[in-house]
**Q** 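Quick one: the structure is below, and I'll ask about it shortly.
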Amino acid sequence: MSERFVLVKRGYDTEAVERYIATLEAQIDSYREKDKAINNAIVSAQQAADSIVVNAKNQGRTIRENTIKQLTDIALSIGTQKQLLEDFQNEYNTIVSKYLKLTDNEDFKAISAKIDALESYLADFSDEVTEDLEIENRAVTSNDN
């Protein structure tokens, strides 16, 4: 802003200078208010940014803590499942081993021998009964003639 002052006897027109000074002061005040508003906006933006960073760090920490807890729970669950599998395997092996031992056991062989003897006895008994029936049938047939 370039203002020209009118020359009077003793210098510039006092009223014009004072009006110009008032205009400059008004502009300076306007600039100060804008500067103050800009500074307040910068401070507010910095505070908001700081708050966002703090919240993000807190959320990150919470997410990490939850993740660690979940991983720990999963690891415990895997350990439990592994133990259950090992217990099942041991129980299964015990049952299978028990039945495999029974087939090789001498008691099984003795029972099998007794069954064989019983079959032989029944076969002999059946043969005797068959013979006796044949003899009776012949006797009845010869008496009928």
Side-chain angles (χ1 to χ4, degrees), residues 1-138 140-141:
M1 198 164 159
S2 166
E3 183 83 21
R4 299 233 174 223
F5 299 108
V6 179
L7 286 176
V8 285
K9 293 183 192 178
R10 295 180 146 191
Y12 296 106
D13 181 7
T14 310
E15 285 180 23
V17 171
E18 286 179 9
R19 277 193 312 269
Y20 185 69
I21 290 173
T23 303
L24 289 176
E25 285 175 345
Q27 278 185 333
I28 290 172
D29 287 343
S30 172
Y31 291 144
R32 283 184 181 147
E33 292 211 11
K34 287 178 184 176
D35 183 55
K36 189 176 183 181
I38 290 171
N39 283 337
N40 286 340
I42 290 172
V43 168
S44 293
Q46 185 61 46
Q47 288 173 341
D50 290 345
S51 176
I52 290 170
V53 168
V54 167
N55 287 339
K57 285 181 180 179
N58 288 338
Q59 286 177 346
R61 187 178 312 109
T62 300
I63 290 169
R64 280 192 309 274
E65 288 170 356
N66 288 340
T67 301
I68 289 169
K69 184 184 179 313
Q70 288 175 348
L71 289 173
T72 301
D73 291 346
I74 290 170
L76 289 173
S77 177
I78 289 171
T80 301
Q81 296 303 314
K82 182 179 177 185
Q83 186 60 50
L84 288 172
L85 181 63
E86 288 174 4
D87 292 346
F88 171 78
Q89 182 182 14
N90 290 335
E91 185 177 337
Y92 178 81
N93 286 341
T94 299
I95 290 170
V96 169
S97 171
K98 176 181 175 184
Y99 286 104
L100 287 177
K101 286 181 183 176
L102 288 178
T103 59
D104 293 337
N105 194 327
E106 290 299 319
D107 292 338
F108 182 77
K109 289 179 183 177
I111 291 170
S112 182
K114 287 181 182 180
I115 290 172
D116 291 344
L118 182 60
E119 283 179 331
S120 177
Y121 172 76
L122 288 175
D124 290 345
F125 183 74
S126 176
D127 289 344
E128 284 179 31
V129 169
T130 302
E131 262 183 56
D132 288 345
L133 282 174
E134 286 177 7
I135 292 172
E136 281 183 28
N137 281 341
R138 277 188 245 144
V140 169
T141 307

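All values reported here derive from a predicted model rather than from experimental measurement.
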**Q** Tell me yes or no: between the side chains of D87 and Q83, is some donor less than 3.5 Å from an acceptor?
**A**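 Present: a donor and an acceptor within the cut-off.
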**Q** If you apply the rule side chain to side chain contact (heavy atoms under 4.5 Å, CB included), what do you find for V129 with F125, and how did you get there?
**A** CA-CA 6 Å; V129 169; F125 183 74; 3.7 Å; yes
**Q** Closer than 4.0 angstrom, basic N to acidic O: yes or no for E134 and R138?
**A**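 Yes.
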**Q** Are L122 and E119 close enough that some pair of their side-chain heavy atoms sits under 4.5 Å apart?
**A**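 Of all side-chain heavy-atom pairs linking E119 with L122, none is under 4.5 Å.
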**Q** At what distance, to the nearest 0.5 angstrom, does CG of L24 lie from OH of Y31?
**A**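 Here the interatomic distance stands at 9.5 Å.
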**Q** Without swapping roles, check the side chain of S77 against the backbone of D73 for a donor-acceptor pair under 3.5 Å.
**A**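 Here the side-chain-to-backbone pair does not exist.
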**Q** Among V54, V53, N55, whose side-chain contact (heavy atoms from CB on, under 4.5 Å) with K57 holds?
**A**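 Checked V54, V53, N55 against K57; only one passes side-chain contact (heavy atoms from CB on, under 4.5 Å): V53.
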**Q** Quick one: does S120's side chain have a donor or acceptor within less than 3.5 Å of a partner on D116's backbone?
**A**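 Not confirmed, S120 side chain does not pair with D116 backbone.
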**Q** When you look at V43 and Q46, which way does the side chain to side chain contact (heavy atoms under 4.5 Å, CB included) test go after all the steps?
**A** CA-CA 5 Å; V43 168; Q46 185 61 46; 5.7 Å; no
**Q** Under a 3.5 Å cutoff, is there a donor and acceptor pairing between the side chains of E86 and N90?
**A**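 No, no side-chain donor-acceptor pair sits under 3.5 Å.
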**Q** Go through it in stages, so that I can follow the logic: the residues are N58 and R61, the test is side chain to side chain contact (heavy atoms under 4.5 Å, CB included), and I'd like the CA-CA distance, side-chain angles, deciding distance and then a yes or no.
**A** CA-CA 5 Å; N58 288 338; R61 187 178 312 109; 2.8 Å; yes
**Q** Keeping the roles fixed (side chain from T72, backbone from I68), state whether a donor-acceptor pair exists under 3.5 Å.
**A**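 Yes, the answer is positive, given that a donor and an acceptor are paired below the 3.5 Å cut-off.
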**Q** Show your reasoning for whether side chain to side chain contact (heavy atoms under 4.5 Å, CB included) applies to T67 and R64.
**A** CA-CA 5 Å; T67 301; R64 280 192 309 274; 5.5 Å; no
